[in-house]
Amino acid sequence: MRRSKSVPLGRSYLALAALAATGGLAACGREKQTYCADQNGVVVPDYRCDDGSSGHYYYTGSYGRGRSPGYRLSGGSRVASTDSVGRSNAGLPATGHVSNGKVSSGGFGSSSGSKSSGS
């Protein structure tokens, strides 16, 4: 019968494996922010998404907090402000006001711990 030879793992390999595992888990809990923006991804005052007109969207992504009107967003996901099903799927209320900078914990399509100031 043949015996298998075990290969000892070095400390650097184990440290690298641990770092990769924790980095992957940290990415699951990243904060995401939602902003009202035009079709080009330029942030506009949040009340623009409240009026039910076309041409305004909610963008959700890891943009950072405190983005002011005029800031151009890139990446993330976009849903029309008038699309109640899309809003729900994005973890936003189906109707009503959503403040610029609304924060939610994201990862694999989840949203939890959301904070929003309403009007």
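As a basis for the values below, the full set of heavy atoms in this structure was taken, side chains included, without hydrogen atoms, waters or symmetry mates. Here the structure is a predicted model, which means the values were calculated and not measured.
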With sequence neighbours left out, which residue pairs that include part of residues 56-92 fulfil the disulfide bond (SG atoms under 2.5 Å apart) condition?
->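 Those involving residues 56-92 do not exist here.
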
Sort and list the pairs that fulfil disulfide bond (SG atoms under 2.5 Å apart) and have at least one residue in residues 36-85, not counting sequence neighbours.
->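 Listed by first then second residue: Cys36-Cys49.
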
Verify, without hydrogens or angle tests, whether [X] (side chain) and [Y] (backbone) share a donor-acceptor contact under 3.5 angstrom.
X	Y	result
Arg87	Gly96	yes
Asp38	Asn40	yes
Arg72	Gly41	no

In Å and rounded to the nearest 0.5 Å, what is the NZ to OG1 distance from Lys102 to Thr60?
->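 Going from NZ on Lys102 over to OG1 on Thr60, the span is 8.0 Å.
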
Between CD of Gln33 and OG of Ser62, what distance do you get to the nearest 0.5 Å?
->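 Here the interatomic distance stands at 6.5 Å.
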
Tracing side-chain links under 4.5 Å among I, L, V, M, F, W and Y, which residues wind up in one group with Tyr35?
->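 Noted: Tyr35 shares its cluster with Val43, Tyr57, Tyr59, Tyr63, Tyr71, Leu73.
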
Kindly write out the residues that satisfy side chain to side chain donor-acceptor pair (under 3.5 Å) with Ser81, not counting sequence neighbours, or none if the list is empty.
->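 Residues passing side chain to side chain donor-acceptor pair (under 3.5 Å) with Ser81: none at all.
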
For Thr95, what residues pass the side-chain contact (heavy atoms from CB on, under 4.5 Å) criterion, not counting sequence neighbours?
->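 Result, side-chain contact (heavy atoms from CB on, under 4.5 Å) vs Thr95: none returned.
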
For the student: nearest non-hydrogen atoms of Pro69 and Pro45, plus distance |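 Nearest heavy atoms, Pro69 then Pro45: CG-N, 4.0 Å.
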
Would you mind reporting whether Asn100 and Arg67 have side-chain heavy atoms less than 4.5 Å apart?
->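 Not in contact.
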
